[in-house]
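Encoded as structure tokens, the structure appears first; notes follow it.
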2 protein chains.
Amino acid sequence: MGKNSEQILSDHNVSITNPRILVLEALLENKGPITLDELQAILKNKVAKSTLYRVLNDLKKIDILDEFTSPENQTVIELVLEDRAHHHHLFCSDCGEIIDVELSNEFENFLDLEIKKIEEKFKFKISDHRVEMFGKCTDQCENCKS
Amino acid sequence: MGKNSEQILSDHNVSITNPRILVLEALLENKGPITLDELQAILKNKVAKSTLYRVLNDLKKIDILDEFTSPENQTVIELVLEDRAHHHHLFCSDCGEIIDVELSNEFENFLDLEIKKIEEKFKFKISDHRVEMFGKCTDQCENCKS
DNA sequence: AAATAAATGAGAATTATTCTCATTTATGCT
DNA sequence: AGCATAAATGAGAATAATTCTCATTTATTT
């Protein structure tokens, strides 16, 4: 099984505190992206709202938290540990579900070539990229059943 | 030269009003993505803030406005007229510049194949996608010179 | 040109996020 | 283990972003 939250914190030289542990545990348990609203609901009465924002910023600073915005303009966060493979996201506009997706190595190689071309054309140094896909899940999804 | 703003509005069956024209003209003039802050600055004293938000929502409803969030969490908007080629975005973390990028047909075809695989695997119907690239522009950029 | 429906401006209300500061908790040292 | 110090937290105030309200103005239809 994966690292526990205290391990993660000490690995990154930040102090081990209860709110940080609670946030990390919630994110580890969820496995995958989660909206800020959902996380707040999970941690209600356990972590003060201001502290939650602070902890999330702390995790961003030590580079283990990815934050992005859903097509519905919801803030979405996701733990990115070293062992997580590079991946992308799939959004369902019906139920709001966000799914981690891995694309083939073949594809990623092709994209890397494209990126080299872009770097030359625009005199850029590109350090990262993200592919987002938008659509609807059909019927097998928990959320859509409701 | 491209369509004028009144044309665009009537093409989409929405009434032609001054605030809408001003917003469209600002977006047409800018050509490319613009942050909400920048747009607000351009339209200060010309369009009320509440009206600006409303107009942007109107444009989204008629599907000619794309909104997304920069890595710095800035709201970014961009006019998407029918004649705009499908494209992606390149973000500079130094100066905040956002550049429209077109990727090769070859690449888009490859990506479409990948997307078909994803659709099967996750039982999704994918209607759109977006590739975002993050990096730094080197030295030729207006903003970075300052 | 009048009647009706829709859009606007101004600011209030709401929501999201950051900040302040007194108190609590973690860490390093002995 | 126990103290001293620095860091983190909770609660709510402050700020920023967005939506809402409603009286007035502007478009549209006839």
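Keep in mind it's a predicted model, so treat the numbers as computed, not measured. Here is how names work: the chains are called A, B, and so on, in the same order as the sequence lines, proteins then strands, and each is numbered from 1.
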What distance do B/Ile115 atom CD1 and B/Phe110 atom CZ have between them, rounded to the nearest 0.5 Å? 12.0 Å
Report the distance from atom [atom1] of [X] to atom [atom2] of [N], rounded to the nearest whole Å.
X: B/Asp58; N: D/dC20; atom1: CG; atom2: P; answer: 13 Å
X: B/Leu36; N: D/dT18; atom1: CG; atom2: P; answer: 6 Å
X: B/Asn13; N: C/dA5; atom1: CG; atom2: P; answer: 19 Å
X: B/Ile77; N: D/dA17; atom1: CD1; atom2: P; answer: 14 Å
X: B/Gln40; N: D/dT18; atom1: CD; atom2: P; answer: 8 Å
X: A/His12; N: D/dA7; atom1: NE2; atom2: P; answer: 20 Å
X: A/Ile21; N: D/dA8; atom1: CD1; atom2: C1'; answer: 13 Å
X: A/Leu9; N: D/dA8; atom1: CG; atom2: P; answer: 11 Å

Just compare [options] and give me whichever is closest to any side-chain atom of [X].
X: B/Arg54; options: C/dG9, D/dA27, D/dG12; result: C/dG9
X: B/Ala48; options: D/dG10, C/dA7, C/dG9; result: C/dG9
X: A/Tyr53; options: D/dG10, C/dT17, D/dT28; result: C/dT17
X: B/Asn57; options: D/dT18, D/dT28, D/dT19; result: D/dT19
X: A/Thr17; options: C/dT18, C/dA7, D/dA8; result: D/dA8

Is A/Leu113 reachable from B/Met133 through a run of hydrophobic residues whose side-chain heavy atoms are each under 4.5 Å from the next? no
Quick check: on DNA chain C, is the nucleotide nearest B/Arg20 upstream (toward 5') of the one nearest B/Lys49, or the reverse? Name the residue that is more 5'.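 Whichever sits nearer the 5' end wins; that is B/Arg20.
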Under the salt bridge (charged side-chain N to carboxylate O under 4.0 Å, His left out) criterion, do A/Asp66 and A/Arg84 qualify, and how do the steps go? CA-CA 12 Å; A/Asp66 190 17; A/Arg84 293 279 292 103; over 6 Å; no
Provide the closest heavy-atom pair for B/Ser10 versus B/Ile16 in the form atom of the first, atom of the second, distance.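 Scanning both residues, the minimum pair turns out to be CB-CD1, 4.2 Å.
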What's B/Thr51 touching, base or sugar-phosphate or nothing? Going by heavy atoms closer than 4.0 Å.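 Base, at least one base heavy atom under 4.0 Å.
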Would you mind classifying the nucleic acid contact of B/Ser15 as base, sugar-phosphate or nothing, using non-hydrogen atoms under 4.0 angstrom? sugar-phosphate
Please check if any side-chain donor atom of A/Glu114 sits under 3.5 Å from a side-chain acceptor atom of B/His88, or the reverse. no
Residue whose closest nucleotide on DNA chain D lies nearer the 5' end, A/Asn18 versus A/Ser50: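 The 5'-side residue here is A/Asn18.
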